[in-house]
Visitor: 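This is the structure I have questions about; it appears just below.
Order of the sequence lines sets the chain letters (A, B, ...), proteins ahead of strands, with each chain counted from 1.
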Number of protein chains: 2
Amino acid sequence: MHLTRIPSDTVFQALADETRLRIIHLLVETGEESCLCELVDSLLEPSYKLSRHLKILRQAGLLTSQKEGRWVYHRMLEEPSYITRLYDVVRALPDADGVYAADLTRFHERLCLRDGGRCLVGIQREEFRAEAVD
Amino acid sequence: MHLTRIPSDTVFQALADETRLRIIHLLVETGEESCLCELVDSLLEPSYKLSRHLKILRQAGLLTSQKEGRWVYHRMLEEPSYITRLYDVVRALPDADGVYAADLTRFHERLCLRDGGRCLVGIQREEFRAEAVD
DNA sequence: TGCATAGTTGCACTATAGCGCAACTATTAT
DNA sequence: ATAATAGTTGCGCTATAGTGCAACTATGCA
């Protein structure tokens, strides 16, 4: 699948960030794929930030991204086997602050806006919308 | 056991380094405990470097260290459950360069020098011994 | 054709991680 | 006591990671 060999510590490096863990937790827990704007509305983080974190996850061989018109859908990969074991760890993580739970709640709400399983709207949260030029 | 709450990303941060992965791989694969000098002779890395990495693993809640005379024995912890799942990942990691295998070979050789299951000698490799002051 | 918008990325800044050196503590043996 | 040695750590250095801002590309719609 990927031609470049990925060092083992790179994989863990990819998980060694709270925002990336939130992304992974969300996608692993739901088994869903998600476009960037849905993630923005779920994690309440700006798109440029999430976009960069998604790139890191992709380069670490954890995530695949597919463009579909204006939207890009991201989903976790299921191979090789140490990756799926990694997801077992992620699912077993404590959620002391309830951050993961809150992300999930917002994500599920956001999924209701889909039409035919596809995201047809952009970022809903005002504070993360690109402000129109007057 | 540990009173301080450890953030999830700290745990992965602890694995996000090649040297620390080598330490963990060695201890997880063998189920052994090891003192610093044995690790130096197995990983061929200077003691100050390994000592610092061991501290990071300890602070991440992955490792426990017990002093016994002049020696300090380190072993991986088995709780909480996401930790043991993490070890499943470590065991499933590819060893493309054979680094883990080479570490294991040297470790097993080094274990032969133990007496009554305890390490009674210091660093064997010349290049990592503290040079005597003439 | 032109505008709105989903998403990406260059840049500058700051914070932190890992390193080697050398000095340090603690324990044992002579 | 004193020397040797197992192990730890402060310091200074360098490299890199994460961030916000703003500019950028690309796609679809009026």
Visitor: Measure CZ/Phe128(B) against C1'/dA6(D) and give the value in whole Å, please.
Guide: 16 Å
Visitor: CD of Glu45(A) versus C1' of dC21(D): gap in Å, rounded?
Guide: 16 Å
Visitor: Rounded to whole angstrom units, what separation is found between the CD1 atom of Ile23(A) and the C1' atom of dG18(D)?
Guide: 13 Å
Visitor: State whether Arg70(B) places a side-chain N or O below 4.0 Å from either non-bridging phosphate oxygen (OP1 or OP2) of dA4(D).
Guide: no
Visitor: With a cut-off of 6.0 Å (strictly less than), are more than 12 heavy atoms of other residues, nucleotides or ligands near CD of Gln124(B)?
Guide: yes
Visitor: Do the side-chain N or O atoms of Lys55(B) get closer than 4.0 angstrom to the phosphate oxygens (OP1, OP2) of dT9(D)?
Guide: yes
Visitor: For Arg85(B), give me all partners under salt bridge (charged side-chain N to carboxylate O under 4.0 Å, His left out), at least two apart in sequence or on another chain.
Guide: none
Visitor: To the nearest Å, give me how far apart CD (Glu18(A)) and C1' (dT19(D)) are.
Guide: 15 Å
Visitor: I need the CZ-C1' distance between Arg20(A) and dT19(D), as an integer number of Å.
Guide: 13 Å
Visitor: Looking at dC19(C), dG18(D), dT8(C), which one has an atom nearest to any side-chain atom of Asp17(A)?
Guide: dG18(D)
Visitor: What is the distance from CD of Glu68(B) to C1' of dG7(D), rounded to the nearest Å?
Guide: 15 Å
Visitor: Establish, with yes or no, whether the OP1 or OP2 oxygen of dG20(D) is under 4.0 angstrom from a side-chain nitrogen or oxygen of Tyr48(A).
Guide: yes
Visitor: Of Val121(A) and Lys49(A), whose closest DNA chain C nucleotide lies nearer the 5' terminus?
Guide: Val121(A)
Visitor: Write down the distance between CH2 (Trp71(B)) and P (dT25(C)), rounded to a whole number of angstrom.
Guide: 21 Å
Visitor: Could a donor-acceptor pair under 3.5 angstrom be found where the side chain of Arg52(B) meets the base of dG10(D)?
Guide: yes
Visitor: Look at the side chain of Asp97(B) and the backbone N and O of Val99(B), then say whether any donor-acceptor pair between them is shorter than 3.5 Å.
Guide: no
Visitor: Check this one for me: any side-chain N or O of Lys67(A) less than 4.0 Å away from OP1 or OP2 of dT27(D)?
Guide: yes
Visitor: Side chain of Val72(A): nearest nucleotide among dT8(C), dG20(C), dT9(D)?
Guide: dT8(C)
Visitor: Below the 4.0 Å mark, does dC19(C) have OP1 or OP2 next to a side-chain nitrogen or oxygen of His53(B)?
Guide: yes
Visitor: Taking atom C1' of dC21(C) as reference, at what distance in whole Å does atom CD of Glu127(B) sit?
Guide: 18 Å
Visitor: Go through it in stages, so that I can follow the logic: the residues are Arg106(A) and Ser42(A), the test is side-chain hydrogen bond (donor to acceptor under 3.5 Å, both in side chains), and I'd like the CA-CA distance, side-chain angles, deciding distance and then a yes or no.
Guide: CA-CA 5 Å; Arg106(A) 284 187 296 261; Ser42(A) 303; over 6 Å; no
Visitor: Provide the full list of salt bridge (Lys or Arg N to Asp or Glu O under 4.0 Å) pairs with a residue in residues 116-125 of chain A, sequence neighbours left out, each pair given once.
Guide: Glu33(A)-Arg118(A), Glu68(A)-Arg118(A)
